[in-house]
Amino acid sequence: MLLHMASNHQTRPGIGELAKDSARDRIGVVMGEVGGRVQIRPIGGGTEWDAMPDNVVAPSPREELSARLAIKNGNSRDGL
């Protein structure tokens, strides 16, 4: 899975980037935008959820590192 690094500027993360839904306190990958809502997929895959654009922010460096570590750990368990 290809993920882009979250940028340090204050714009909302784009498609393919890690993002945090601050209303749900969840991190995932931005998949797109439909009907004025941002669609985010869990890092390990699964069902996307909708988030209000104002609640979608770049994760902190610590949150991003933790998310990337979870991806690597999942890949190593799967033998990838």
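Predicted model, so just to flag it, every value in this text is computed and none were measured.
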* **Test item: Leu18 and Arg68 side chains (from C-beta on) under 4.5 Å apart, heavy atoms** => yes
* Using salt bridge (charged side-chain N to carboxylate O under 4.0 Å, His left out) as the criterion, list what pairs up with Asp54, not counting sequence neighbours. => none
* Asked: Just by distance, with hydrogens left out, do Glu63 and Ser66 show a side-chain donor and acceptor under 3.5 Å apart?
  -> no
* To do: Measure the CG-CD1 distance between Asn55 and Ile40 for me, rounded to the nearest 0.5 Å.
  => 9.0 Å
* Of all pairs that satisfy salt bridge (Lys or Arg N to Asp or Glu O under 4.0 Å), the ones with a partner from residues 36-52, not counting sequence neighbours -> Arg41-Glu48
* Kindly determine whether Glu33 and Arg12 satisfy side chain to side chain contact (heavy atoms under 4.5 Å, CB included), including the steps that lead there. => CA-CA 12 Å; Glu33 197 169 324; Arg12 188 172 71 224; 2.8 Å; yes
* Asked: Shortest non-hydrogen contact from Val38 to Pro53?
  -> CG2-CA, 4.0 Å
* **Minimum-distance pair of heavy atoms, taken over all atoms of Pro59 and Ala19** => CD-CA, 4.0 Å
All N/O donor-acceptor pairs, side-chain side in residues 23-30, below 3.5 Å, sequence neighbours left out:
from, atom 1, to, atom 2, distance (Å)
Asp25, OD1, Lys20, NZ, 3.3

* Treating Ile, Leu, Val, Met, Phe, Trp and Tyr as nodes and any side-chain heavy-atom pair under 4.5 angstrom as an edge, say whether Met52 and Trp49 lie in one connected cluster. => no
